[in-house]
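As the structure lists them, so they are numbered: ligands from 1, and atoms in each ligand from 1.
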Amino acid sequence: MITTNYLIIGSGVAGLTFAIKIADRFPDKKITIATKANADESNTKYAQGGIAIVTDKDEDSYQKHIQDTLICGDGLCDEEVVKMVVTEGPKRLKELISWGAQFDKNSEGNLDLGKEGGHSENRVVHHKDQTGSEIERAILMQVYQKENITVLDHHFAIDLITENNRCLGASILNQKTNEITNYQSEITILATGGIGHLYGHTTNPIIATGDGIAMASRAHATITEMEFIQFHPTALYDTSTGSKFLISEAVRGFGAYLRTKNGHRFMKDYDSREELASRDIVSQSIDLELKKSGDDCVYLDCTHLDLAAFIKHFPMIYKHCKNIGIDISKDWIPVVPAQHYLCGGITVDKNGKTSIENLFACGECSRTGLHGANRLASNSLLEALVYSDKIYSYLANTTISSSTSKTIISDWKSETKPEIDSNYLATLKAKLQLLMRQNAGIVRYDSDLLKAKKQLLLWQDEMKKIAETHQISAAYYELLNMIAVATLIVEQSIVRKENRGGFIKFNSSK
Ligand code: FAD
Ligand code: SIN
């Protein structure tokens with residue numbers, strides 16, 4: 001067993017920014033970050049559009065950003081939380097800049113502000129179309145400079161250790177040695193990100209398998225609003241499954257049009273904000289158009305835009321399209337909606353505390369009340385920054401009652417059992433992804449959800465039985481977690497009766 005003061009699971013924006021602050025405040029305390037892939041691999045790294053922050057108080061105001069967030073959340077946001085997050089944005093941006101993150105400026109030397117769906121003003125602070133990668137670079141560099149932080153990459157957290165509703169740490173599998181070690185910590189922070197790979201078709205990287213939510217669920221933490229899955233309207237269309245390249249919403253903010261194969265600008269038929277309606281509305285409109293036409297995709301038309309300015313703002317998107325034979329000055333980009341973000345998650349209060357003592361959750365795995373039924377574009381990085389600061393401030397000013405030093409945590413027993421057939425896991429994962437796409441997508445039906453729940457419960461039993469006779473692995477746990485999180489999504493979709501934001505369900509069958 002290894003002891004640490006703070007155990008952080010996940011190395012995206014949520015985990016790393018908390019680590020930097022707590023390490024500075026308590027130089028004598030030990031901070032351990034466990035992360036299951038390379039340290040920089042995260043949803044954070046792929047964020048394109050930017051961070052929604054009110055910086056230009058002449059044109060914009062906190063009130064407008066608050067209002068846009070509330071409209072997008074379709075009546076289910078916690079207004080107090082929305083106010084808190086929006087008004088703290090500028091302080092968190094200053095901090096990011098002080099850590100070395102760079103953001104684009106206009107010719108007057110002010111921050112260049114992009115626009116995305118649901119925003120009434122230009123307020124998205126960005127670094128070209130690679131905002132997340134710039135942030136991850138800067139904060140990881142800060143983390144590596146702190147002597148009291150240990151980063152354990154390729155370390156997969158498999159379960160929380162709890163006793164009487166108190167978290168004592170976590171069991172972690174070192175993927176390089178296959179050893180499982182219990183980490184005893186005074187405070188544990190889940191910062192494990194999203195769930196995209198439950199759907200297969202997703203903008204998320206391969207690490208997004210909902211592990212933190214599944215672990216918290218096994219420990220009986222409160223988990224809510226899992227039915228609110230956000231589908232991004234414009235993932236690049238291709239026929240493969242797996243991660244999809246994102247065409248940022250900021251491209252529509254820059255003036256691109258959505259068209260059917262025949263050239264019809266269909267968003268005019270659905271919403272007065274046209275291509276810049278909120279994400280739920282654009283995705284649902286595309287879904288309807290595709291069902292009507294039987295086509296596989298719709299198109300994003302950038303051909304009328306200033307090419308030089310486009311390349312300056314979106315160099316990665318331009319290059320990616322070019323590499324696959326799409327010349328955006330002449331060709332339309334084929335796009336489809338794909339899973340992008342989870343609005344619900346592990347329920348936390350305004351200090352990031354979960355329902356389990358000494359366990360906090362931050363970032364995409366948490367449910368704070370900011371997003372309600374649909375997240376406003378570029379509010380996610382902002383939420384993670386504000387909440388990691390809230391958790392830090394709370395812990396910096398509170399004496400934690402900790403019984404961990406007295407509690408004996410028994411070591412993990414290693415047993416020699418046969419390995420699980422990797423083909424079996426891959427096949428079951430593909431079946432799960434298909435089940436989620438077919439039954440828990442943009443439009444859901446109660447009858448499908450009930451059938452899906454039955455199947456998920458069967459797979460849960462099957463997975464439990466396998467663990468009795470085989471050696472567990474990270475791949476096994478990822479699939480177990482994906483099935484557990486899928487079950488939460490399906491169950492909570494069944495329970496929600498009214499359609500809100502990104503959630504549409506019919507009581508009939510298809
Ligand atoms: P992540 O950044 O996903 O980090 C999670 C970490 O947890 C990873 O390091 C992962 O390896 C680790 N982990 C997971 N499970 C385990 C485990 N079992 N054991 C150990 N480690 C584990 N939001 C915006 O606000 N603006 C944008 O422009 C924007 N663009 C986006 C573009 C794309 C393509 C994507 C995918 C998302 C985008 N988002 C955007 C959403 C935003 O990037 C994420 O919601 C946010 O970065 C999540 O940060 P996080 O720290 O909570 O999680
Ligand atoms: C994008 O750039 O379109 C993604 C923005 C977000 O998810 O907030």
Inset, instruction - Could you tell me whether ligand 1 has any atom less than 4.0 Å away from a heavy atom of Lys45? - result: no
Legend entry - Gln67 and Tyr62: side chain donor to acceptor below 3.5 Å: no
Legend entry - Side-chain donor-acceptor contact under 3.5 Å, Ser120 with Asp68: yes
Inset, instruction - Output yes when the distance from some N or O of ligand 1 to some N or O of Pro205 is under 3.5 Å, and no in every other case. - result: no
Inset, instruction - Have a look at Thr44, Asp159, Thr35 and point out the one with the heavy atom closest to atom 2 (O) of ligand 1. - result: Thr44
Inset, instruction - Please could you name the atoms of ligand 1 that Gly363 approaches to less than 4.0 Å, counting only its heavy atoms? - result: 52 (O)
Inset, instruction - Report the C-alpha distance between Phe245 and His320 in whole Å, list the side-chain angles of each, state the deciding distance to 0.1 Å, and finish with yes or no for ring-ring contact (aromatic ring centres under 6.0 Å, His included). - result: CA-CA 9 Å; Phe245 183 76; His320 189 94; 3.7 Å; yes
Inset, instruction - Check whether any N or O atom of Glu116, backbone or side chain, sits under 3.5 Å from an N or O atom of ligand 1, and answer yes or no. - result: no
Legend entry - Ala34 touching ligand 1 at heavy-atom level, < 4.0 angstrom: yes
Inset, instruction - Check whether any heavy atom of Gly50 sits under 4.0 Å from an atom of ligand 1. - result: yes
Legend entry - Asp129 (side chain) donor-acceptor with Met316 (main chain) under 3.5 angstrom: yes
Inset, instruction - Identify whether NZ of Lys or CZ of Arg in Arg375 sits under 6.0 Å from the centre of the six-membered ring of Tyr341 and within 45° of that ring's axis. - result: yes
Legend entry - Numbered atoms of ligand 1 (with element) below 4.0 Å of Arg375, judged on heavy atoms: 23 (N), 24 (C), 25 (O)
Inset, instruction - Measure from the side-chain N and O atoms of Tyr199 to the backbone N and O of Ala440, and report whether any donor-acceptor pair falls under 3.5 Å. - result: yes
Legend entry - Any donor-acceptor N or O pair under 3.5 Å, side chains His313, Asp112: no
Inset, instruction - Check whether any side-chain N or O of Asp56 sits under 3.5 Å from a backbone N or O of Asp60 as a donor-acceptor pair, and report yes or no. - result: no
Inset, instruction - With the side chain counted from C-beta on, respond yes when Ile207 and Lys36 share a heavy-atom pair under 4.5 Å apart, and no when they do not. - result: yes
Legend entry - Parallel, tilted or perpendicular: rings of Trp332 and Tyr299 (30°, 60°): tilted
Legend entry - Element-labelled atoms of ligand 1 that are located less than 4.0 Å from some non-hydrogen atom of Asn379: 25 (O)
Inset, instruction - Check whether any N or O atom of Ile51, backbone or side chain, sits under 3.5 Å from an N or O atom of ligand 1, and answer yes or no. - result: no
Legend entry - Atoms of ligand 1, numbered as shown, that sit under 4.0 Å from any heavy atom of Tyr341: 45 (O)
Legend entry - Protein residue, atom and distance nearest to atom 7 (O) of ligand 1, heavy-atom basis: Gly10 CA, 3.1 Å
Inset, instruction - Go through the structure and list residues passing salt bridge (charged side-chain N to carboxylate O under 4.0 Å, His left out) with Glu116, not counting sequence neighbours. - result: Arg279
Inset, instruction - Could you check atom 52 (O) of ligand 1 against the protein and tell me its nearest heavy-atom contact, residue, atom and distance included? - result: Glu364 N, 2.8 Å
Legend entry - ligand 1 contact on Ser248 by region, counting heavy-atom pairs under 4.0 Å: neither
Inset, instruction - Could you tell me whether the side chain of Ser366 and the main chain of Thr368 form a donor-acceptor pair under 3.5 Å? - result: no
Legend entry - pair Phe360-Leu395: side-chain heavy atoms closer than 4.5 Å: yes
Legend entry - Short N-O contact, Arg259 and Asp301, less than 4.0 angstrom: yes
Inset, instruction - Give the C-alpha distance, both sets of side-chain angles, the deciding distance and a yes or no for side-chain contact (heavy atoms from CB on, under 4.5 Å) between Lys115 and Glu121. - result: CA-CA 7 Å; Lys115 196 170 187 186; Glu121 296 292 342; 5.9 Å; no
Legend entry - Ile207: numbered ligand 1 atoms lying under 4.0 Å from its heavy atoms: 10 (C), 11 (O)
Inset, instruction - Look only at interatomic distance and state if Tyr46 has a nitrogen or oxygen under 3.5 Å from any nitrogen or oxygen of ligand 1. - result: no
Inset, instruction - Return yes when Ser378 approaches ligand 1 closer than 4.0 angstrom through a heavy atom, no otherwise. - result: yes
Inset, instruction - Among all protein heavy atoms, pick the one closest to atom 42 (C) of ligand 1 and tell me residue, atom and distance. - result: Ser380 OG, 3.6 Å
Inset, instruction - Say whether, by atom type as modelled, one donor and one acceptor occur between the side chain of Lys146 and the main chain of Ile20 under 3.5 angstrom. - result: no
Inset, instruction - Give the residue and atom name of whichever protein heavy atom lies nearest to atom 3 (O) of ligand 1, and the separation in Å to one decimal. - result: Asn43 N, 2.9 Å
Legend entry - ligand 2: protein residues within heavy-atom distance under 4.0 Å: Gln48, Gly49, Glu116, His232, Leu246, Ser248, Glu249, Arg279, His340, Arg375, Ala377, Ser378
Inset, instruction - Give the numbers and elements of all ligand 1 atoms closer than 4.0 Å to a heavy atom of Ala157. - result: 17 (C), 18 (N), 19 (N), 20 (C)
Legend entry - Shortest non-hydrogen contact from Ala377 toward Ala52: O-CB, 4.1 Å
Legend entry - Met267 vs Ser285 side-chain heavy atoms within contact, under 4.5 Å: yes
Inset, instruction - Taking only heavy atoms of Asn204 into account, list the atoms of ligand 1 that are under 4.0 Å away from them. - result: 36 (C)
Legend entry - Thr203-ligand 1 polar pair, N/O distance under 3.5 Å: no
Inset, instruction - Could you check atom 17 (C) of ligand 1 against the protein and tell me its nearest heavy-atom contact, residue, atom and distance included? - result: Asp211 OD2, 3.6 Å
Inset, instruction - Identify the protein heavy atom lying closest to atom 25 (O) of ligand 1, giving its residue, its atom name and the separation to 0.1 Å. - result: Leu381 N, 2.8 Å
Legend entry - Donor-acceptor pair, side chain of Asn351 and main chain of Lys353, under 3.5 angstrom: no
Inset, instruction - Could you tell me whether Lys36 approaches ligand 1 through its side chain, its backbone, both or neither, with non-hydrogen atoms closer than 4.0 Å? - result: both
Legend entry - Nearest-contact summary for atom 37 (C) of ligand 1 - protein heavy atom, Å: His340 CE1, 3.6 Å
Legend entry - Heteroatom distance test (Ala14, ligand 1): nitrogen or oxygen, under 3.5 angstrom: yes
Inset, instruction - Have a look at ligand 1 and work out which part of His126, if any, has a heavy atom under 4.0 Å from it: side chain, backbone, both or neither. - result: neither
Inset, instruction - Could you tell me whether some N/O pair between Val13 and ligand 1 is separated by less than 3.5 angstrom? - result: yes
Legend entry - Atoms of ligand 1, numbered as shown, that sit under 4.0 Å from any heavy atom of Gly49: 28 (O)
Inset, instruction - Please check if the side chain of His127 supplies one atom and the backbone of Glu134 the other of a donor-acceptor pair under 3.5 Å. - result: no
Inset, instruction - Would you mind checking which non-hydrogen protein atom is closest to atom 8 (C) of ligand 1, with the distance to 0.1 Å? - result: Glu41 O, 3.4 Å
Inset, instruction - Kindly assign one of parallel, tilted or perpendicular to the pair Phe314 and Phe254, based on the angle between their ring planes and the thresholds 30° and 60°. - result: perpendicular
